[in-house]
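Reviewing the structure listed below.
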Amino acid sequence: MRGLAAYIMRGRAQAVSAICALTVLSWIVSLASLLAAAALALPTLRKGAAEGGLLLGMAVAIMALIGGLVLGNPLPAAGYALALWGPVWLLAVLLRETARLDWTLGAAALLAMALVLGLYAVYGDPMRLWLEELRQFSKAFVEGGRPAAEQALLRQNVELFARYMTGGIAAGSMLTVGFSLLLARWWQATLFNPGGFRAEFQGLRPASAWAYASLGLFALAGIADGGLAEFAWNLALPLSMLFLLTGFSVLHAVFGRQANGGFWLAGVYVALVFASPLIVLIALLGYSDTWMDWRNRPRVA
């Protein structure tokens, strides 16, 4: 990883080639999109908005050319690249200018919530859009010789998934942007400020207003019904990702001061591979830190 970061910082040609190559790779391995976005964020964090914007423009132009040659249409590839890199560049500029990780990730949550509002503004009820797409996608699987009762259950699950897909997509986008920024910040610290990222990440603690806003949305989702409840859930999901990242920060801070903390921290990540619902507990840990301040509690021997 350090070698890749050093290569990106050698110059514009190296940075743009890394961004574009990783983006093309993300068409096959989706996680490569994190590296591609981080490859843009790193020079933006180090050299500023103008340099990052120039690299963004060059990379989008190259992706449009690749899209035109491979797909026969430059717009899908350029649009995908711009949607992936635009928010990361904007937030990297904010992080560089403010040096506030909590503000930057809060802004990422706001952008994700704006995506939810935009989809509701354009489509009215985006659930119908997702439902139609999901029905087409899952038709062969649902109707593939299954008993009628099982087909009915699968259709119910498809409808349930469609109700919250808007928030799910926004939450996934927020996490992608957040992890890319954190990766770029880690690269920056590795090259130019050893140890700086650890202190910054372990100190991540959003303002309490975020937690109260999130609780308000969850309360509205629980009290209301129908479309209003769905709307509240879809807004709450991307905001919850802010507290998921905060939960990881708390874990790193608390285990980081334990003699065998590295062992337990590695255990958490291994457990996440086999028990993904643990993510909910980590997000709750991030929420509760608003009131419990876990990092400043007395150390348990």
Side-chain angles (χ1 to χ4, degrees), residues 4-5 7-96 107-108 110-124 126 128-130 132-137 165-181 183-184 187 238:
L4 177 59
Y7 174 79
I8 292 167
M9 291 305 298
R10 283 181 191 168
R12 289 172 182 163
Q14 289 84 354
V16 171
S17 64
I19 294 168
C20 293
L22 289 167
T23 301
V24 172
L25 181 61
S26 74
W27 296 350
I28 304 170
V29 182
S30 59
L31 284 178
S33 64
L34 295 175
L35 295 172
L40 173 67
L42 174 59
T44 306
L45 285 168
R46 183 63 182 172
K47 298 182 179 179
E51 180 67 17
L54 179 61
L55 295 176
L56 173 62
M58 293 168 65
V60 168
I62 291 174
M63 289 308 301
L65 180 62
I66 293 174
L69 293 173
V70 176
L71 305 175
N73 184 354
L75 294 181
Y80 171 77
L82 198 57
L84 176 63
W85 302 330
V88 171
W89 171 77
L90 184 65
L91 292 166
V93 172
L94 177 63
L95 181 55
R96 172 184 164 84
L110 282 179
L111 285 177
M113 295 170 75
L115 174 61
V116 173
L117 292 173
L119 288 172
Y120 269 90
V122 172
Y123 296 104
R128 287 179 291 181
L129 171 69
W130 304 126
E132 185 61 30
E133 295 291 330
L134 288 172
R135 279 175 175 166
Q136 293 296 325
F137 180 76
M165 193 164 174
T166 301
I169 289 175
S173 300
M174 193 279 176
L175 270 188
T176 299
V177 170
F179 280 130
S180 296
L181 279 172
L183 178 58
W187 281 348

- Taking ring pair (Phe, Tyr, Trp, His ring centres under 6.0 Å) as the test, write out the residues that go with Y120, two or more places apart. F231
- Query: Taking atom CG of L110 and atom CG of L115, what is their separation to the nearest 0.5 Å?
  - Reply: 12.5 Å
- Task: Only pairs at least two apart or in different chains count here, so list each salt bridge (charged side-chain N to carboxylate O under 4.0 Å, His left out) that has a residue in residues 7-20.
- Result: R12-E51
- Task: Identify, with sequence neighbours excluded, every residue that meets side-chain hydrogen bond (donor to acceptor under 3.5 Å, both in side chains) alongside Y123.
- Result: none
- Task: Mind checking the CG-CG spacing from L25 to L35? Nearest 0.5 Å is all I need.
- Result: 8.0 Å
Donor-acceptor pairs are to be reported for all side-chain atoms of residues 55-82 against protein atoms at under 3.5 Å, with residues two or more places apart or in another chain.
unit_1, atom_1, unit_2, atom_2, d
N73, OD1, L75, N, 3.1
Y80, OH, S26, OG, 3.0

- Message: Rounded at 0.5 Å granularity, tell me how far CG in L95 sits from OG1 in T44.
- Response: 11.0 Å
- Specify the closest pair of heavy atoms between M113 and P238, including all atoms of both residues, with the distance to one decimal. CG-CG, 4.0 Å
- Item | Heavy-atom pair with the smallest gap, counting every atom of A37 and W85 | CA-CD1, 4.1 Å
- Message: Testing the basics here: between G124 and P126, what is the closest heavy-atom pair and its distance to 0.1 Å?
- Response: O-CD, 3.7 Å
- Message: Quick check: closest heavy atoms across R96 and R46, and the distance to 0.1 Å?
- Response: NH1-O, 2.9 Å
- Task: Taking side-chain contact (heavy atoms from CB on, under 4.5 Å) as the test, write out the residues that go with A41, two or more places apart.
- Result: V88, A92, L181, A184
- Please name the residue in the list L22, V16, T23 that meets the side chain to side chain contact (heavy atoms under 4.5 Å, CB included) test with C20. V16
- Task: Could you grab the distance from atom CG of L84 to atom OG of S173, nearest 0.5 Å is fine?
- Result: 9.5 Å
- Query: Passes side-chain contact (heavy atoms from CB on, under 4.5 Å), L91 versus L111? Steps please.
  - Reply: CA-CA 10 Å; L91 292 166; L111 285 177; 4.1 Å; yes
- Query: What's the shortest heavy-atom distance between G52 and L40, and which atoms?
  - Reply: O-CD1, 3.6 Å
- Any idea which heavy atoms bring V116 and G167 closest together, and the distance? CG2-CA, 4.3 Å
- Query: Stepwise, does the side-chain contact (heavy atoms from CB on, under 4.5 Å) test hold for W187 with L4?
  - Reply: CA-CA 9 Å; W187 281 348; L4 177 59; 3.9 Å; yes
- Please name all residues satisfying salt bridge (Lys or Arg N to Asp or Glu O under 4.0 Å) with R128, sequence neighbours left out, ordered by chain then number. none
